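Computed from a predicted model, the values in this text were never measured in an experiment.
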Amino acid sequence: MTHMVIVGAGIIGLASAEAAQCRGWKVTLVDRAFEGDRASHGNAGGIAVSECVPLSLAGMGLKPLKWLMDPLGPLSIRPGHALSLYPWFRALSKVAKPKNYARIGNALAALNNRSLFDFEAMLGRLGIIGDLHKRGALTVYETEEAFEEDQTNWTFKRERGVVFRNVSIDELRVLEPGLAPVFKRAVMIEQWAHIDDPKRIVDSLRSHVRNAGAEFITGEAASIVDQGTRVGVMLEGGRFVDGDRVLVSTGAWSARLSQTVGDNALLESERGYNTTLPNCATRLNREVIFSERMFVATPLAIGLRIGGAAEFAGLTAPANYGRSATLLKLAHRYLPNLDVSEAQQWMGNRPTTPDSLPVIGASPRNDRILYAFGHGHLGFTQAATTAELIGDLLDRKRPEVDMTPYSIARFNRG
Ligand SMILES: Cc1cc2nc3c(=O)[nH]c(=O)nc-3n(C[C@H](O)[C@H](O)[C@H](O)COP(=O)(O)OP(=O)(O)OC[C@H]3O[C@@H](n4cnc5c(N)ncnc54)[C@H](O)[C@@H]3O)c2cc1C
């Protein structure tokens, strides 16, 4: 039986393990802490199929500067980390070039447009299809200006197959009676879905692959090694875990490991924050995106989760939960009388590339070394699809999706 070693057991590594097992592969998973907290546990739980607009600072004028001036604004950079961000932000500045922008949007849509189908199929195999709620999502606007400004993005999305419709304010009140009556415009994305609890999906996947025979090894991966006929991961302390293929899916920590192969990737931890309110779970019927304020609220089964923010502070700086508190304070304006008893604050490291695209595919140096990381804001959405694509590569089958845009080789082209 062919044997795959997967380094990193967040949603991407676990979904890939499940896909490999479905194809008859023996799987060994390596993680520094299988039960530990990670981006995949505390995220907003949205299957955000419409999000194909690349991250870019183009057309924003002085807005990003204004955000940076506010210590608890939606975008922040820790001063100590600013210098090392230069290559990442230089690459981000190239995204806005029209040919790049359209190409990246197409590549995101190619994943997102099949992501709900793949995600649903995965939950079906896990036996937890009831955890998925296909109730759409609403983007709401407080001003006509903000709605008008967003029209370019909606057109961009429509051109890439996203289906949405404008909702009248009367309908908004019926759909979401818990919202304060302050919104002038709303857009419904019917294909969007959300889940009961991202941690429950991760835990179910972990039990599922364990029950199907996966081996679990706890350890800190130091490097990816090719030993001729075998490839694998060298752990701190010198243990070598080898197989016929190795997959690097260590989220925001992945660039360090790909470097040991000689593959450079521009990857940053884009930290996000939220607060979960266990006593407000039924306050909304579906995920709501507060467009101007750049935060979302998702009615998970475990509570209403309110979060967002993009903080660039590296991988080791302590969390600043003032950000969770700021988002919650904002939410009070739009969701009056929130019960904040037993509120839980959380921070997670989004693994974010400057071109908004994940890295999925084989190393150009060695086709037995595979990568699946850098999913940024969309790791949950794209997990099952990423796993299917990795599965195709294991089967030596040509994936339906053109894999070129996701190759790690793009970072070497400049
Ligand atoms: C606030 C917030 C909200 C979000 N909302 C959404 C959403 O609504 N929808 C969506 O699609 N996405 C969302 N995301 C993004 C999503 O959570 C991430 O893209 C996704 O979880 C990344 O998964 P991963 O498996 O790549 O990484 P992780 O979940 O970070 O897992 C990486 C794993 O690798 C292990 N690891 C790392 N380095 C090593 C090493 N050297 N040796 C051994 N093990 C190692 C870690 O222990 C960890 O288990 C959100 C993220 C945040 C922060």
Side chain to side chain contact (heavy atoms under 4.5 Å, CB included) filter on Ala319, not counting sequence neighbours, yields Tyr273, Tyr321, Met347
Sorted by chain and residue number, the salt bridge (charged side-chain N to carboxylate O under 4.0 Å, His left out) partners of Glu149 (sequence neighbours excluded) come out as Lys63
Taking all heavy atoms of Pro198 and all of Arg305, pick out the closest pair and write down the distance.
-> CG-NH1, 3.6 Å
Is there a side chain to side chain donor-acceptor pair (under 3.5 Å) between Thr404 and Asp402 once you walk through the steps?
-> CA-CA 6 Å; Thr404 321; Asp402 172 16; 2.6 Å; yes
OG1 (Thr276) and CD (Glu342) are apart, to the nearest 0.5 Å, by 12.0 Å
Side-chain donor-acceptor contacts of residues 328-337 below 3.5 Å, not counting sequence neighbours, with atom names and distances?
from: Tyr334; atom 1: OH; to: Glu142; atom 2: OE1; distance (Å): 3.4
from: Tyr334; atom 1: OH; to: Glu142; atom 2: OE2; distance (Å): 2.7
from: Tyr334; atom 1: OH; to: Arg293; atom 2: NE; distance (Å): 3.1

Would you sort out whether Ser76 and Arg323 count as a side chain to side chain donor-acceptor pair (under 3.5 Å), showing the intermediate values?
-> CA-CA 10 Å; Ser76 79; Arg323 294 195 177 285; 2.8 Å; yes
Nearest heavy-atom neighbours spanning Thr352 and Trp88 = O-NE1, 3.0 Å
Interatomic distance, Glu148 atom CD to Trp154 atom CH2 [nearest 0.5 angstrom] = 13.5 Å
Here the pair of heavy atoms bringing Ala387 nearest to Ala15 is CB-O, 3.3 Å
Shortest non-hydrogen pair, Thr386 vs Ala372, comes out as CG2-CB, 3.8 Å
Rounded to the nearest 0.5 angstrom, the CZ-OG distance for Phe156 and Ser50 is 12.5 Å
Distance from Thr275 atom OG1 to Leu304 atom CG, nearest 0.5 Å?
-> 10.0 Å
For His208, what residues pass the side chain to side chain contact (heavy atoms under 4.5 Å, CB included) criterion, not counting sequence neighbours?
-> Glu18, Leu126
Side-chain contact, heavy-atom cut-off 4.5 Å: Arg410 with Val359?
-> yes
From Ile128 atom CD1 to Leu123 atom CG, the distance as rounded to the nearest 0.5 Å = 5.0 Å
Point-to-point distance, once rounded to the nearest 0.5 Å, from CG of Leu85 to CD of Glu268 = 4.5 Å
Under 3.5 Å, which donor-acceptor pairs do the side chains of residues 250-257 form with other protein atoms, sequence neighbours left out?
from: Thr250; atom 1: OG1; to: Ser254; atom 2: OG; distance (Å): 3.0
from: Ser254; atom 1: OG; to: Thr250; atom 2: N; distance (Å): 3.1
from: Ser254; atom 1: OG; to: Gly251; atom 2: N; distance (Å): 3.1
from: Ser254; atom 1: OG; to: Gly251; atom 2: O; distance (Å): 2.7

Given salt bridge (Lys or Arg N to Asp or Glu O under 4.0 Å), test Arg200 with Asp203 step by step and report yes or no.
-> CA-CA 5 Å; Arg200 206 176 108 88; Asp203 290 345; over 6 Å; no
Sub-4.5 Å side-chain heavy-atom contact between Leu111 and Leu378 = no
Fit a plane to each ring of Phe89 and Phe312, take the angle between them on a 0 to 90° scale, and name the class: parallel (under 30°), tilted (30 to 60°) or perpendicular (over 60°).
-> perpendicular
So with a 6.0 Å cut-off around CD of Glu292, is the heavy-atom count from everything else above 12?
-> yes
Give me the one residue out of Glu51, Gln382, Lys157 that meets side chain to side chain donor-acceptor pair (under 3.5 Å) with Asn112.
-> Gln382
Hey, are Gln345 and Ser324 close enough side-chain-wise for a donor-acceptor pair under 3.5 Å?
-> no
Once the angle between the rings of Tyr141 and Phe147 is folded into 0 to 90°, is it parallel (under 30°), tilted (30 to 60°) or perpendicular (over 60°)?
-> perpendicular
Atom of Gly13, atom of Leu29 and distance for their closest heavy-atom approach = O-CD2, 4.2 Å
With sequence neighbours left out, the residues meeting salt bridge (charged side-chain N to carboxylate O under 4.0 Å, His left out) with Arg165 are Glu171, Glu190
With the side chain counted from C-beta on, respond yes when Arg239 and Ile217 share a heavy-atom pair under 4.5 Å apart, and no when they do not.
-> yes
Arg38 side chain to Ala33 backbone, donor-acceptor under 3.5 Å = yes
Is there side-chain contact between Val95 and Ser356, with heavy atoms separated by less than 4.5 Å?
-> no
Nearest heavy-atom approach of Val261 to Ser363 is CG1-OG, 3.9 Å
Indicate yes or no: does Glu388 engage Arg23 in a salt bridge with an N to O separation below 4.0 Å.
-> yes
